[in-house]
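Here the structure is laid out as structure tokens; the discussion comes afterwards.
Just so it is clear: chains get the letters A, B, ... in the order the sequence lines come, proteins before strands, and each one is counted from 1. Fair warning: this is a prediction, and the values are worked out from it, not measured in the lab.
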Number of protein chains: 2
Amino acid sequence: MTPRDDASTATRKEQILDAAAELFALQGFYKTTTALVAKSVGVTQPYVFHFFRTKEELFLAVLDRGYRRLVHAFSAVESPPEELVHRMGGAFEALLVTHRNEILLVMQAYAIPEPAIREEVKAKFDEIHRMVGSRFAQAGIPNASGEAGMFIGTGLLIALSQILELPRLLPWCDPE
Amino acid sequence: MTPRDDASTATRKEQILDAAAELFALQGFYKTTTALVAKSVGVTQPYVFHFFRTKEELFLAVLDRGYRRLVHAFSAVESPPEELVHRMGGAFEALLVTHRNEILLVMQAYAIPEPAIREEVKAKFDEIHRMVGSRFAQAGIPNASGEAGMFIGTGLLIALSQILELPRLLPWCDPE
DNA sequence: CACTCCTTATTTATCGATAAATAAATTTAT
DNA sequence: ATAAATTTATTTATCGATAAATAAGGAGTG
């Protein structure tokens, strides 16, 4: 069986990335074993190491895909200046629906104490902040950088409320 | 002041809690071994289990202390209504100085996928949100519950910026 | 006072489980 | 047949947890 004549047309490497994304998001970096990832794809555990030298490398690959999707979604938002912040929020929530696990993973990866992971997370959050801030600035929003920070803070709150299953933490989910 | 909260007269159990708080905050739940905690106190690893039945129980004890300190600090804030939000923020930042590790631990514990831990984190964040929200309401702040949510979101952002060493994420830390 | 009893604090030794990673063998497709 | 895809077998390491032993210090009693 050659790669890609599988029903899903996904490469083994892609399947592994997909399975890893779900497991890492649901169970975290440490509780997700390479054996679990392998089993979820339907291959043996050592075979995972054929595509990724270490478990950390696999995690970083998953993470990178997630951050790239976020950055791309934010940069693709087209909007009149007065609606930009709201539409950016909409883009985030849309991704949260279509790629829930990946986004939740990305939003909580800063809590993983592996130096290499933390470095990547730091670089990516910095990139997102600068990108969002410059779009806000371009739209004439005052204190654009500060607003970009609060935008990220809101994203963190959304992720927290999803992970803990506490929707009432969200400001716009008011109880009657 | 309870009996023996002086560093030199601290009980072994308290010493272990202190060391665990620092290590858990710095290295996370999984990378912090009971052997490390023991070594940092100067006792042997199995002795930790004399005070805490499991590593998770030790972690929960540390966490509980942290959340209680937060809740107490917020409830102790006295302020005229128009300054309440600002003063509450000040109380959070004060704790971040005096008990940095504990607070950072508390703010990122939601990312730990152990069911028992997640339950405690959920209950505590709910409690904080309700408490802050009702104080905001008492001060006549409109949409108090929503403001309490944003208050927590800001706390998450502060923790993120500290953990990643990215101070420019904070809205009030404007670059020149 | 001295002798035994019991408690408190702590260590030594070790088990059982799990997980990442490596190397070598084997199957499958072309 | 040969090269890629994948497995089997195994290693190495670590960690949480248990059990049993040791040492020191009162406290009560004759």
Write down the distance between [atom1] ([X]) and [atom2] ([N]), rounded to a whole number of angstrom.
X	N	atom1	atom2	answer
A:Lys39	D:dT7	NZ	C1'	17 Å
A:Phe52	C:dT22	CZ	P	16 Å
A:Phe51	D:dA4	CZ	C1'	10 Å
B:Lys55	D:dT18	NZ	C1'	17 Å
A:Phe49	D:dA5	CZ	C1'	18 Å

Only counting residues at least two apart or in another chain, list the ones meeting salt bridge (charged side-chain N to carboxylate O under 4.0 Å, His left out) with A:Arg135.
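Applying salt bridge (charged side-chain N to carboxylate O under 4.0 Å, His left out) to A:Arg135 gives none.
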So which atom in B:Leu84 and which in B:Val77 form the shortest heavy-atom distance, rounded to 0.1 Å?
CD1-CG1, 4.2 Å
Going by the rule side-chain contact (heavy atoms from CB on, under 4.5 Å), which residues pair with B:Tyr30 if we only count those two or more places apart in sequence or in a different chain?
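B:Tyr30: side-chain contact (heavy atoms from CB on, under 4.5 Å) contacts with A:Tyr30, A:Lys31, B:Ile112, B:Pro113, B:Glu114.
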Per-nt protein contacts along nucleotides 11-17 of chain C (heavy atom under 4.0 Å; B base, S backbone sugar-phosphate only, - none) come out as BBB----
Listing, residues 87-99 of chain A side-chain donor-acceptor contacts under 3.5 Å, not counting sequence neighbours, or none:
{"unit_1": "A:Arg87", "atom_1": "NH1", "unit_2": "A:Glu78", "atom_2": "O", "d": "3.3"}
{"unit_1": "A:Thr98", "atom_1": "OG1", "unit_2": "A:Ala94", "atom_2": "O", "d": "3.3"}
{"unit_1": "A:His99", "atom_1": "NE2", "unit_2": "A:Arg69", "atom_2": "NH1", "d": "3.4"}

Would one find a side-chain N or O of B:Arg12 under 4.0 angstrom from OP1 or OP2 of C:dA9?
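No.
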Test ring pair (Phe, Tyr, Trp, His ring centres under 6.0 Å) applied to B:His72 - qualifying residues, sequence neighbours left out
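For B:His72, no residue satisfies ring pair (Phe, Tyr, Trp, His ring centres under 6.0 Å) once neighbours in sequence are set aside.
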Heavy atom of residues 29-38 of chain B under 4.0 Å from DNA chain D: which residues?
B:Thr32, B:Thr33, B:Thr34
Does one side chain, of B:Thr34 or B:Gln45, offer a donor that lies under 3.5 Å from an acceptor on the other?
yes
Using a 6.0 Å cut-off, check whether atom CD of B:Glu82 has over 12 heavy atoms from anything other than its own residue.
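For B:Glu82, atom CD is crowded (more than 12 foreign heavy atoms under 6.0 Å).
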Give a yes or no on whether the backbone of A:Arg53 and the side-chain of A:Glu57 come within a donor-acceptor separation of less than 3.5 Å.
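Yes; judged by distance alone, with no hydrogens or angles, the pair exists.
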